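From a predicted model like this one, the values you see are computed outputs, not experimental measurements. Hydrogens, waters and symmetry mates play no part in the numbers below; they use all other heavy atoms, side chains included.
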Amino acid sequence: MLARGALGAGRLLLRSPRRAVSSMSALPFNTVVLFVPQQEAWVVERMGRFHRILDPGLNFLIPVLDKICYVQSLKEIVIDVPEQSAVTLDNVTLQIDGVLYLRIMDPYKASYGVEDPEYAVTQLAQTTMRSELGKISLDKVFRERESLNAGIVDAINQAADDWGIQCLRYEIKNIHVPPRVKESMQMQVEAERRKRATVLESEGTRESAINVAEGHKQAQILASEAQKAEQINKASGEASAILVRAKAKAEAIELLAAALTKHNGNAAASLSVAEQYVNAFSHLAKDTNTILLPANTGDITSMVTQALGIYGALTKPHAVKAPEATLPASDVPEPPSQELPESQQRQAS
């Protein structure tokens with residue numbers, strides 16, 4: 001029962017562990033046999049002088065001589081840092097508070113190094129926070145909260161080392177900005193958003209123009225390649241057609257030559273020439289208004305005879321195996337010239 005009472009009294013003194021001068025009943029009594037709870041350190045003085053620190057578990061003390069003066073908790077302690085005003089580098093007043101996490105590492109220093117460890121650490125956290133906020137501007141307060149917390153922790157640990165206390169973490173809870181500054185920040189945020197929207201829109205327009213240009217480029221390349229392939233195919237087709245026509249014409253000439261060497265071949269040739277002459281005259285005056293007619297247009301017999309004479313002159317060197325000889329121009333019968341009346345000439349012109 002005495003051990004439980006001592007445990008409860010130790011927890012009551014957790015927030016402000018101090019020397020039990022006026023509250024002797026709040027500290028554990030020396031009952032010779034004591035049971036110290038885990039994660040607690042009891043500081044014992046013998047005849048008013050520090051004697052030893054009781055470890056968790058069973059401990060023995062001498063009555064009257066030994067007295068428990070301090071009870072320190074070795075657990076992590078959470079302390080609320082009250083709200084305070086701080087001025088940033090750009091002269092903006094902020095209301096800021098935080099949470100401090102610390103642990104007692106040396107019960108002897110925590111008991112004899114400072115009168116009230118909690119109060120000392122809280123005041124140190126507030127002053128350090130004000131000094132750290134004065135080094136940065138308002139915009140960096142929100143972006144660099146982690147670095148700000150780390151700076152406060154380092155500053156507290158440097159000062160609290162003599163107190164046997166280690167600051168583990170410091171977290172900023174709330175930052176209250178003046179209403180006018182808040183409105184200015186809101187306007188700045190809106191302007192920044194409009195800027196980003198404009199930039200994104202311009203980038204989208206640029207990407208769209210680039211995509212359209214790339215599309216036109218690819219379309220022109222594909223069209224030129226298609227035209228090239230078409231011209232190649234067309235040229236190849238025309239070449240093949242020319243070859244086929246040439247072969248067909250050669251075969252036709254061979255067949256015609258073979259047919260002319262047969263019996264009555266000349267008569268057939270004469271008939272073909274006469275038919276072509278008649279067909280040629282049937283197409284006159286269909287395309288243009290200007291017609292050039294020979295003088296003996298009405299004498300078909302003479303024209304056919306002249307055509308056959310030309311054919312005979314061309315086929316004679318092949319028919320007769322002799323040295324080539326050409327008929328003089330006087331041997332070729334000339335058709336009688338026939339002059340047309342002036343009225344017919346005017347109509348013909």
Side-chain angles (χ1 to χ4, degrees), residues 190-262 264-298 300 302-319 324 326-327 329 332 335 340 344-349:
E190 293 178 358
E192 186 67 25
R193 290 179 179 176
R194 287 195 298 269
K195 175 184 175 182
R196 289 200 299 266
T198 305
V199 171
L200 291 176
E201 184 178 359
S202 63
E203 289 180 355
T205 305
R206 184 185 65 180
E207 292 293 334
S208 176
I210 291 174
N211 292 335
V212 171
E214 288 291 338
H216 287 311
K217 177 182 176 181
Q218 294 295 332
Q220 291 179 359
I221 291 174
L222 293 176
S224 63
E225 291 179 355
Q227 186 177 4
K228 176 182 176 181
E230 181 182 1
Q231 291 178 358
I232 292 173
N233 293 333
K234 186 177 180 180
S236 178
E238 290 179 355
S240 299
I242 291 173
L243 292 176
V244 171
R245 285 197 298 267
K247 290 180 180 179
K249 188 173 182 180
E251 292 177 358
I253 291 173
E254 290 178 358
L255 293 176
L256 181 60
L260 291 176
T261 57
K262 294 180 180 181
N264 294 328
N266 293 330
S270 300
L271 178 60
S272 177
V273 171
E275 288 179 352
Q276 292 180 5
Y277 184 83
V278 173
N279 290 332
F281 269 92
S282 65
H283 293 289
L284 293 175
K286 286 187 177 180
D287 296 333
T288 61
N289 296 327
T290 303
I291 303 173
L292 299 177
L293 297 176
N296 54 352
T297 305
I300 299 176
S302 61
M303 291 186 178
V304 173
T305 303
Q306 184 178 2
L308 291 176
I310 295 172
Y311 170 73
L314 293 175
T315 56
K316 186 175 181 180
H318 299 282
E324 295 182 357
T326 57
L327 295 176
V332 180
L340 295 176
Q344 293 182 2
Q345 292 181 0
R346 292 176 181 175
Q347 293 179 358
S349 60

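E201 CD: 12 or fewer foreign heavy atoms inside a 6.0 Å radius. Within a 6.0 Å radius of CZ in R196, more than 12 heavy atoms belonging to other residues, nucleotides or ligands are found. Heavy-atom contacts from other residues, nucleotides or ligands closer than 6.0 Å to CD of Q227 number 12 or fewer.
With sequence neighbours left out, the side-chain contact (heavy atoms from CB on, under 4.5 Å) criterion links I221 to K217, E225. Taking E190 as the reference, Q186, R194 meet the side-chain contact (heavy atoms from CB on, under 4.5 Å) condition, with sequence neighbours excluded. Residues meeting the side-chain contact (heavy atoms from CB on, under 4.5 Å) test with K249, sequence neighbours left out: I253. Among residues two or more places apart in sequence or in another chain, the side-chain contact (heavy atoms from CB on, under 4.5 Å) test is passed with I210 by R206, E214.
The closest donor-acceptor contact from the side chain of S202 to the backbone of T198 lies under 3.5 Å.
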Report all side-chain donor-acceptor pairs from residues 229-241 shorter than 3.5 Å, counting only partners two or more places apart or in another chain.
| from | atom 1 | to | atom 2 | distance (Å) |
| --- | --- | --- | --- | --- |
| N233 | ND2 | A229 | O | 3.0 |
| S240 | OG | S236 | O | 2.9 |

